[in-house]
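Structure first, then comments.
Order of the sequence lines fixes the chain letters, A, B, ..., with proteins taken first and strands second; residue numbering starts at 1 for each chain. All of these numbers come straight from a predicted model, not from anything done at the bench.
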Number of protein chains: 2
Amino acid sequence: MKGITFQKPLYEQVYEDIKDNILTGKLAPGSRIVSGQLAEQYQISRTPLREALRQLQIEGLLENDKAGLRVVKIDAKDFEELCDCRLYLEKEVIRLVAEEATDDQLQEINKVLEHSEKEINSEGSNHKKILELNAEFHRLVIDCCSNKRLIQLVNQVRSVLLIYRGMILRDESHNKEILEEHKMIFNSITERDKERAAEAIEMHLTNDKIRGNKMLDQGRQDTSEKSL
Amino acid sequence: MKGITFQKPLYEQVYEDIKDNILTGKLAPGSRIVSGQLAEQYQISRTPLREALRQLQIEGLLENDKAGLRVVKIDAKDFEELCDCRLYLEKEVIRLVAEEATDDQLQEINKVLEHSEKEINSEGSNHKKILELNAEFHRLVIDCCSNKRLIQLVNQVRSVLLIYRGMILRDESHNKEILEEHKMIFNSITERDKERAAEAIEMHLTNDKIRGNKMLDQGRQDTSEKSL
DNA sequence: TTGTGACAAATTGTTGACACTTTTCAAATA
DNA sequence: TATTTGAAAAGTGTCAACAATTTGTCACAA
């Protein structure tokens, strides 16, 4: 719960806040969602809150087992399915991007990569900052794609996958590896080589899946539950 | 407006009814949606209605230009984008299906195809029935796929594309052509040939796109008046 | 111990009213 | 005539209360 201010409608504000809480793990996977309780926390009525919950449900971040709403508890199989969907979609995105990206856009992306590299090799090596830069890289690449509907689908899948982010990305050991993969992707779209770009993204996302599964296995040991 | 009965929550009933009205063209693309008016039509309050509208909006059947909700008015570019997305996704679906479909499932699909063929070659040749059988074919094929998330994405894209259905499928001239394409798809998944199946679905959906564009062009001429 | 049934509590679904914003449109004025 | 303006209308967002449904629980009988 945080300071909700005005301007945007309430249902949108709470939507964003709840979503954020889910993705950062403040609302743990599997925990019950009770509209009345949340409404009280946010000090608003249930009407806008229900709209927010509905949106999250349709987007796949909440699910409706018998007996109410829960934060999705994704298992290994579901994780695989989502990763596969992401791969199918991003492969097509990257093919389009390799054709369509303007030089300006490429330069922008390159800047992020350079920034990222500097951060990784520096002393302080701010892990959180690096994660942000990685996200920025993907965002910039995807936004070069002209098929808006395709972008929407990719973002949808990614947003569900982000539930794992808090769990997965605690591991700093892969930062360099990931940077190299990003560079390969960037180089192939710079050279307008669609198929090499597709291969590069396949390798990257496959590795992501492996890295994710490793974390999931680790996480499976401690089955601690918490709420709020 | 039709008889809404009990059991399911109202927001779900109206959701289904409005969606149906959009997909059958009773609510024309581009028309304004005003929550108060609809609520009065359905004789319910605005709260459940708003939830239904929100859901339709998230699913992409309604859109929010400044000054309110409208039924999505898809243009040729958007139609292309959606068709492309459908192709990307269904290609992967069909690859999985070619691996995973059980013999029982294949037999079920075959039955629909035979039924379809008989209907097309018969005298009465009920066009509506044929359309239903075509839809059934796709539904059965997709349901063989084990990746539930992928199925969800495909259905989402297809549901938006269905807005055109009423416009496009008035044309009976392609029934045989479509049946042949379906047979090709079926044969290749029966032979467990992933790549041939992917090619077959690509051809099918590409043709669908062409058929759709033709109808769209026709529709564009008679902004005023003209008959089939 | 195991049902069972009925009462209480919790939660979701729905309503009508109200606050606020935007649009419309016509009278008033330059 | 053209422009301003300002009040009514229309629409959205929000609330608090109520209705309906589900869930929990506990005394009591078999």
Tabulated below should be each protein N or O lying under 3.5 Å from an N or O of nucleotides 8-11 of chain D; please produce it.
residue: dG11(D); atom: OP1; partner: Gln37(B); partner atom: NE2; Å: 3.3

Output all residues satisfying salt bridge (charged side-chain N to carboxylate O under 4.0 Å, His left out) with [X], sequence neighbours left out; order by chain, then residue number.
| X | value |
| --- | --- |
| Lys91(A) | Glu202(A) |
| Glu136(B) | Arg139(B) |
| Glu90(A) | Arg86(A), Arg158(A) |
| Glu80(A) | Lys209(A) |

For Glu16(A) and Tyr11(A), test the side chains for any donor-to-acceptor distance below 3.5 angstrom and give the result as yes or no. no
Would you give the length of the straight line joining atom CD of Glu108(B) to atom OG1 of Thr102(B), rounded to the nearest 0.5 angstrom? 9.5 Å
Rounded to the nearest 0.5 Å, how far apart are CG of Leu106(A) and CG of Asn110(A)? 8.5 Å
Using a heavy-atom distance cut-off of less than 4.0 Å, which residues of residues 44-54 of chain B contact DNA chain D? Arg46(B), Arg50(B)
What is the separation between atom CG on Leu10(A) and atom C1' on dG13(D), rounded to the nearest whole Å? 8 Å
d(CD, Gln13(A); C1', dG13(D)) in whole Å: 12 Å
Hits for side chain to side chain donor-acceptor pair (under 3.5 Å) against Lys129(B), two or more places apart or cross-chain, chain-then-number order -> none
Does Thr47(A) have any side chain to side chain donor-acceptor pair (under 3.5 Å) partners at least two apart in sequence or in another chain, and if so, which? none
Under the ring pair (Phe, Tyr, Trp, His ring centres under 6.0 Å) definition, can you give me all pairs with a residue in residues 16-36 of chain B, not counting sequence neighbours? none
Interface limits on DNA chain C, where chain A has a heavy atom under 4.0 Å of a nucleotide atom: dT11(C) to dT14(C)
For Phe137(B), give me all partners under ring-ring contact (aromatic ring centres under 6.0 Å, His included), at least two apart in sequence or on another chain. His182(B)
Which of residues 60-73 of chain B have a heavy atom under 4.0 Å from DNA chain C? none
Quick check: does any side chain N or O of Glu100(B) sit under 3.5 Å from a backbone N or O of Val97(B), one acting as donor and the other as acceptor? no
Any side-chain N or O of Tyr11(A) less than 4.0 Å from the OP1 or OP2 oxygen of dT14(D)? no
Please determine which of Leu82(B), Asp84(B), Leu162(B) meets the side-chain contact (heavy atoms from CB on, under 4.5 Å) test together with Val157(B). Leu82(B)
